[in-house]
Every structure is written in C-alpha cells, then in structure tokens.
A.B. asks: 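Would you mind keeping the following structure in view while I ask a few things?
Excluded from the calculations below are hydrogen atoms, water molecules and symmetry mates; all remaining heavy atoms, backbone and side chain alike, are included.
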Amino acid sequence: MRQLSLPVDRQPALPFTNAVPLKTRPRPSGSLTEVIVSDDSTIQPLQLLPILAHCNSSDRWLMWLSPNRTLNKQWLASMNLDKAPVVHIDLCADTQKVLCQRILASGNSHLIIEWQGDISQHQRRQLRELARQSGSHVVLVQIRQNP
C-alpha cells in the first residue's frame with residue numbers, strides 16, 4: 001500500500017472513464033450518514049465500502065480514513081472492489097478534521113471516516129455541508145466502547 005499526499009489546492013477529479021468531465025456535469029448533492037458500532041461488533045467500518053461503491057459512478061476515489069487498519073485485497077476482490085480506486089489513510093484525532101476538510105474540498109472522493117473521540121454538532125454540520133457542496137457521500141463511523 002502506498003501513501004498519497006493531499007494538496008490543499010483544488011484539483012480536478014482524476015478521470016477513470018471517458019465520461020464527461022465533472023465540471024460540465026451538474027454536481028450531485030452529497031450526504032452525511034452516521035453509523036455507531038460497538039468495539040466488539042461483528043460489523044466493521046471497512047464493510048461499508050460496498051455501500052460507497054454503489055454510490056460511485058467510477059469518477060471518484062473511495063477513501064477510508066481510520067487508525068491502524070489495513071485493506072485486505074482478497075476481501076476487496078470478493079466485494080468486486082478490486083478494480084475500484086480504494087485508498088486507506090491512517091487517521092489520528094489531532095488531524096482528522098483538517099484532513100476531512102481537505103479531502104472533501106477536492107471533490108473527487110467518497111469517504112468512510114472512523115471518527116476519533118467525540119464529534120461536536122458544529123463539526124458534524126461542517127462535514128455535512130462540505131459533503132453536500134462537493135457531492136461526496138460520507139459515512140461517519142463512531143466506535144463506542146462497551147461498558
């Protein structure tokens with residue numbers, strides 16, 4: 001797996017097909033979906049990637065932001081995501097807000113974010129608005145400790 005740098009400036013989405021460029025198409029409205037899973041749940045955030053792939057029209061990256069996890073290429077292949085542009089970025093609580101803002105501002109990916117710590121209403125509204133503006137589908141995952 002390789003690490004990609006994310007520039008601050010806006011760059012056009014990378015073309016994956018011969019489809020009409022994003023700038024000439026009306027940008028779809030994005031969305032924010034929230035999921036809460038317990039730390040011992042059989043459902044893992046990575047399993048949400050097929051949902052984003054279903055939303056994808058082959059012109060966006062599928063980004064998975066999480067701490068200390070890896071992508072399993074066999075699992076991706078079993079979900080028919082082996083040819084999809086899927087990228088994992090290691091996430092930490094100190095930089096997650098800025099990283100999400102930069103990714104969404106670029107407008108060329110859908111995201112699964114395993115949010116570290118609590119998220120404020122203000123941060124949630126910001127993510128929702130950035131997703132809407134960029135036409136990105138965002139799945140915000142919060143993992144809760146079982147008592």
Side-chain angles (χ1 to χ4, degrees), residues 1-25 27-119 123-124 126-128 130-146:
M1 178 159 319
R2 63 181 185 182
Q3 184 174 353
L4 301 174
S5 63
L6 297 170
V8 176
D9 59 333
R10 291 180 184 252
Q11 295 191 6
L14 297 174
F16 292 107
T17 66
N18 292 331
V20 179
L22 279 176
K23 289 184 180 181
T24 61
R25 286 188 271 168
R27 186 173 290 242
S29 183
S31 64
L32 174 68
T33 302
E34 297 183 60
V35 177
I36 298 174
V37 293
S38 62
D39 59 350
D40 64 350
S41 174
T42 58
I43 296 175
Q44 297 299 312
L46 176 62
Q47 294 170 322
L48 301 171
L49 277 172
I51 294 171
L52 287 184
H54 182 70
C55 298
N56 198 13
S57 60
S58 299
D59 58 358
R60 291 184 180 238
W61 293 86
L62 303 176
M63 306 284 285
W64 178 41
L65 285 64
S66 71
N68 306 317
R69 301 201 191 221
T70 57
L71 288 171
N72 180 320
K73 293 195 183 278
Q74 290 176 334
W75 183 85
L76 289 173
S78 72
M79 293 288 123
N80 294 322
L81 293 172
D82 51 332
K83 304 264 190 282
V86 178
V87 177
H88 172 260
I89 298 178
D90 200 8
L91 185 68
C92 69
D94 296 340
T95 60
Q96 66 188 356
K97 180 182 174 187
V98 172
L99 182 59
C100 290
Q101 288 172 336
R102 288 181 181 174
I103 291 171
L104 289 171
S106 72
N108 61 1
S109 63
H110 299 300
L111 300 174
I112 292 178
I113 308 161
E114 288 185 51
W115 196 266
Q116 305 302 295
D118 293 327
I119 183 168
Q123 291 170 322
R124 188 176 281 112
Q126 281 183 320
L127 283 176
R128 184 175 292 113
L130 286 169
R132 188 190 65 72
Q133 289 174 358
S134 67
S136 299
H137 295 291
V138 177
V139 179
L140 175 65
V141 179
Q142 293 183 301
I143 299 176
R144 300 275 168 87
Q145 301 284 323
N146 280 337

A.B. asks: Ignoring hydrogens, what is the shortest heavy-atom contact between Lys97 and Trp115? Give both atom names and the distance.
C.D. replies: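 Where Lys97 meets Trp115 most closely, the heavy atoms are CA-CH2, 4.1 Å.
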A.B. asks: Under the rule for side chain to side chain donor-acceptor pair (under 3.5 Å), what residues qualify as partners of Gln101, not counting sequence neighbours?
C.D. replies: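 So Gln101 forms no side chain to side chain donor-acceptor pair (under 3.5 Å) with any residue.
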A.B. asks: Of the non-hydrogen atoms in Val138 and Leu104, which two are nearest, and what is the gap between them?
C.D. replies: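 What the structure gives for the nearest pair is CG2-CD2, 3.7 Å.
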A.B. asks: Between the main-chain N or O of Ser109 and the side-chain N or O of Ser136, is there a donor-acceptor pair closer than 3.5 Å?
C.D. replies: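 Checking the backbone N and O of Ser109 against the side chain of Ser136, a donor-acceptor pair under 3.5 Å is found.
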A.B. asks: Drop me the distance from Gln116's CD to Ile143's CD1, to the nearest 0.5 angstrom.
C.D. replies: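 Between Gln116 CD and Ile143 CD1, I get 7.0 Å after rounding to 0.5 Å.
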A.B. asks: Return the OG1 to CZ distance between Thr33 and Arg128, rounded to the nearest 0.5 Å.
C.D. replies: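 Spacing of OG1 (Thr33) from CZ (Arg128) equals 9.5 Å.
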A.B. asks: Gly107 and Ser134: which non-hydrogen atoms are nearest, and at how many Å?
C.D. replies: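 So the minimum-distance heavy-atom pair works out to CA-CB, 4.0 Å.
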A.B. asks: Give a yes or no on whether the backbone of His110 and the side-chain of His137 come within a donor-acceptor separation of less than 3.5 Å.
C.D. replies: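 Side chain of His137 to backbone of His110, a donor-acceptor pair under 3.5 Å: no, none is there.
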A.B. asks: To the nearest 0.5 Å, how far apart are CG in Leu140 and CD in Gln123?
C.D. replies: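 Going from CG on Leu140 over to CD on Gln123, the span is 10.0 Å.
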A.B. asks: Can you tell me how far apart CG (Leu32) and CZ (Arg124) are? Round to the nearest 0.5 Å.
C.D. replies: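 Leu32 CG to Arg124 CZ: 8.0 Å, rounded to 0.5 Å.
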A.B. asks: Which residues pass the side-chain contact (heavy atoms from CB on, under 4.5 Å) test with Thr95, sequence neighbours left out?
C.D. replies: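 In terms of side-chain contact (heavy atoms from CB on, under 4.5 Å), with neighbours along the sequence ignored, Thr95 is linked to Cys92.
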A.B. asks: Hey, could you give me the CD/CD distance between Gln142 and Glu114, rounded to the nearest 0.5 Å?
C.D. replies: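 These two atoms lie 11.0 Å from each other.
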A.B. asks: Report yes or no: does Gln96 contribute a side-chain atom to a donor-acceptor pair with the main-chain N or O of Asp94 at less than 3.5 Å?
C.D. replies: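 Between the backbone of Asp94 and the side chain of Gln96 there is no qualifying donor-acceptor contact (under 3.5 Å).
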A.B. asks: Using 0.5 Å steps for rounding, measure from the CD atom of Glu34 to the CD1 atom of Ile113.
C.D. replies: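 Going from the CD atom of Glu34 to the CD1 atom of Ile113 covers 10.0 Å.
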A.B. asks: Does the side chain of Ile103 come within less than 4.5 Å of Ile89's, by heavy atoms?
C.D. replies: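 Of all side-chain heavy-atom pairs linking Ile103 with Ile89, at least one is under 4.5 Å.
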A.B. asks: Is the shortest side-chain heavy-atom distance between Pro67 and Asp90 below 4.5 Å?
C.D. replies: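 Yes. Closest side-chain heavy atoms under 4.5 Å.
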